[in-house]
Amino acid sequence: MSKIVVALGGNAILSKDASAEAQMKAVQKTAKELVNFIKNGDQLIITHGNGPQVGNLLLQQLAADSQANPAMPLDTCGAMTEGSIGYWFQNAMKQELLENGIDKDVISIITQTIVAEDDDAFDNPSKPIGPFYKESEVAELKAQHPDWKIVEDAGRGYRRVVPSPKPLEINEYRAIKQVVDAGIIPIVSGGGGIPVVKKGNQLIGKEAVIDKDFSASKIAQLIDADKLIILTSGGGIFYNYGKPDQVELSQVDVAELQTHIDANEFSKGSMMPKVKAAVDFVNHTGNPAVIGDLEDVKEIIAGTEGTTIVKQEVTA
Ligand SMILES: Nc1ncnc2c1ncn2[C@@H]1O[C@H](COP(=O)(O)OP(=O)(O)O)[C@@H](O)[C@H]1O
Ligand SMILES: NC(=O)OP(=O)(O)O
């Protein structure tokens, strides 16, 4: 039995249709994949992103009436998406467990992630949220929302970016550990957790979105996970991604990967945080991390798909 933290990307939840019904359907499909870990005897800790959802929710806030029905700030929107996506996963996972004759409980935990008030990220928004826009739409969006920063997102279109401070501590990690020890499947740190700063006994929400891959790495370290698995679309880590000579890695050690990180070879808003989060987990625990396709869970369990990041590559 391995204790595995699984981090799920946006498309495990959202494809083109952003309705609750469509997202629940996508989550049900994801739950069918995740149940393979339980069938394999593994202890699962689930975490997920919220970039598309929290961006959409912020857009809905624009329709709010400033007095009777005020717009919610970004930290509260983060909490709202942690709740809604947690509900979808909790519901879908339980159904999938029952359909496989497994009597296990699933619970989502609203998680607060402590960040530094002086994190440089607050002055340098970098986390893409919400929908993708066409280049032709950008000028008008900037005119409508002078406070928005909009950037090109890994060749996929343009998106609004918000500050994304690094997680220092997961406030609820001791409770999460107890839930895991009790054999319950927790859904934690959704959307990276709600960014908060510590002021004495108070935790104060900050308007930012934490990268769920960094929070996943942090929680995996805090609960002594045997493995961190980051599931996305498209497969594992590619060198020369998108070029004719692109090559997918099956196994790589942290020293080699670090040279490619240092050379800035991975896309900032997509693969770079995953690679950095995986390297951080492996460096701190000595345990492996895997980046792979959500649809390849059985093969990832068998070790035949995805990229495994190890402390030191064993050569025959
Ligand atoms: N070097 C790379 N190797 C693999 N995928 C890459 C690479 N660079 C960019 N990508 C893209 O990054 C995507 C994963 O990032 P993203 O979509 O942000 O993840 P998430 O699933 O967490 O939302 C892949 O589907 C792929 O299109
Ligand atoms: N919070 C976060 O990292 O969300 P995505 O994975 O959806 O970008």
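First listed ligand is number 1; within each ligand, the first listed atom is number 1. Computed from a predicted model, the values in this text were never measured in an experiment. Sequence positions, counted from 1, serve as the residue numbers for this chain.
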A.B. asks: Look only at interatomic distance and state if Tyr241 has a nitrogen or oxygen under 3.5 Å from any nitrogen or oxygen of ligand 1.
C.D. replies: yes
A.B. asks: Any nitrogen or oxygen of Gly49, main chain or side chain, under 3.5 Å from a nitrogen or oxygen of ligand 2?
C.D. replies: no
A.B. asks: With no hydrogens and no angle check, do the side chains of Ser19 and Asp17 hold a donor and an acceptor under 3.5 Å apart?
C.D. replies: yes
A.B. asks: Find the distance between NZ (Lys94) and CD1 (Ile185) and round it off to the nearest 0.5 Å.
C.D. replies: 8.5 Å
A.B. asks: Determine the minimum heavy-atom distance between Leu58 and Cys77, stating which atoms define it.
C.D. replies: CD2-SG, 4.0 Å
A.B. asks: For the pair Lys276 and Asp213, find out whether any cationic side-chain nitrogen is under 4.0 Å from an anionic carboxylate oxygen.
C.D. replies: no
A.B. asks: Looking only at distances, can you tell me whether any N or O atom of Asp213, backbone or side chain, sits closer than 3.5 Å to an N or O atom of ligand 2?
C.D. replies: no
A.B. asks: Output the list of atoms in ligand 1 that are nearer than 4.0 Å to some heavy atom of Lys212, sorted by atom number.
C.D. replies: 22 (O)
A.B. asks: Sub-3.5 Å donor-acceptor pair from the side chain of Asp293 to the main-chain atoms of Glu295, do we have one?
C.D. replies: yes
A.B. asks: Considering only heavy atoms of Pro52, which atoms of ligand 2 have at least one such atom less than 4.0 Å away?
C.D. replies: 7 (O)
A.B. asks: Please check if the number of heavy atoms outside Glu265 that lie under 6.0 Å from its CD is greater than 12.
C.D. replies: yes
A.B. asks: If we only consider heavy atoms of Gly155, is any one of them less than 4.0 Å away from an atom in ligand 1?
C.D. replies: no
A.B. asks: Which atoms form the tightest heavy-atom contact between Ile300 and Gly292, and what is the distance?
C.D. replies: CD1-CA, 3.9 Å
A.B. asks: Which of the atoms in ligand 1, numbered in the order shown and given with their element, are less than 4.0 Å from a heavy-atom of Gly236?
C.D. replies: 3 (N), 4 (C)
A.B. asks: Check whether any heavy atom of Gly9 sits under 4.0 Å from an atom of ligand 2.
C.D. replies: no
A.B. asks: Is Asp226 paired with Lys3 through a side-chain N to carboxylate O contact shorter than 4.0 Å?
C.D. replies: no
A.B. asks: Should the proximity of Val209 to ligand 2, defined as any heavy atom under 4.0 Å, be assigned to the side chain, the backbone, both, or neither?
C.D. replies: side chain
A.B. asks: To the nearest 0.5 Å, what is the distance between CD1 on Ile150 and CZ on Arg160?
C.D. replies: 8.5 Å
A.B. asks: Determine whether any heavy atom of Lys274 lies closer than 4.0 Å to an atom of ligand 1.
C.D. replies: yes
A.B. asks: Can you find a non-hydrogen atom of Gly49 under 4.0 Å from ligand 1?
C.D. replies: no
A.B. asks: Between Phe238 and ligand 1, find which residue part has any heavy-atom pair under 4.0 Å and reply side chain, backbone, both or neither.
C.D. replies: both
A.B. asks: Is there a heavy atom in Lys127 that sits closer than 4.0 Å to ligand 2?
C.D. replies: yes
A.B. asks: Report, in ascending order of atom number, the atoms of ligand 2 lying under 4.0 Å from any heavy atom of Asp211.
C.D. replies: 3 (O)
A.B. asks: Under 4.0 Å from any heavy atom of Ile210, which atoms of ligand 2 are there?
C.D. replies: 1 (N), 2 (C), 3 (O)
A.B. asks: Which heavy atom in Pro186 sits nearest to a heavy atom in Ile109, and how many Å separate them?
C.D. replies: CB-CD1, 4.1 Å
A.B. asks: Can you tell me the protein heavy atom closest to atom 6 (O) of ligand 2 and the distance?
C.D. replies: Lys212 NZ, 2.9 Å
A.B. asks: Ignoring hydrogens and angles, tell me if any N or O in the side chain of Ser164 forms a donor-acceptor pair with the backbone of Ser126 under 3.5 Å.
C.D. replies: no
A.B. asks: Taking all non-hydrogen atoms of both residues, which atom of Arg156 and which atom of Phe132 are closest, and how far apart?
C.D. replies: O-CD2, 3.4 Å
A.B. asks: Looking only at distances, can you tell me whether any N or O atom of Pro128, backbone or side chain, sits closer than 3.5 Å to an N or O atom of ligand 2?
C.D. replies: no
A.B. asks: Select the closest option to atom 24 (C) of ligand 1 among Ser233, Ser270, Gly234, judged by heavy-atom distance.
C.D. replies: Ser233
A.B. asks: Quick one: does Thr81's side chain have a donor or acceptor within less than 3.5 Å of a partner on Val54's backbone?
C.D. replies: no
A.B. asks: Give the minimum heavy-atom separation between Val282 and Val310, together with the two atoms involved.
C.D. replies: CG1-C, 3.6 Å
A.B. asks: Find all atoms of ligand 2 within a distance of less than 4.0 Å from any non-hydrogen atom belonging to Gly191, and give their numbers and elements.
C.D. replies: 1 (N)
A.B. asks: Within the 4.0 Å heavy-atom shell around Thr232, which atoms of ligand 1 are there?
C.D. replies: 14 (C), 19 (O), 20 (P), 21 (O)
A.B. asks: Is Gln246 near ligand 1, meaning one of its heavy atoms is under 4.0 Å from it?
C.D. replies: no
A.B. asks: Using the six-membered ring wherever Trp is involved, compare the ring planes of Phe266 and His260 and label them parallel, tilted or perpendicular (cut-offs 30° and 60°).
C.D. replies: tilted
A.B. asks: Record the part of Glu265 in heavy-atom contact with ligand 1 below 4.0 Å; permitted values are side chain, backbone, both and neither.
C.D. replies: neither
A.B. asks: Please identify which atoms of ligand 1 are closer than 4.0 Å to at least one heavy atom of Ser267.
C.D. replies: 8 (N), 9 (C)
A.B. asks: To which of Ala7, Gly193, Gly190, Gly51 does the heavy atom nearest atom 7 (O) of ligand 2 belong?
C.D. replies: Gly51
A.B. asks: Using heavy-atom distances only, which candidate in Arg156, Met271, Met272 approaches atom 16 (P) of ligand 1 most closely?
C.D. replies: Arg156
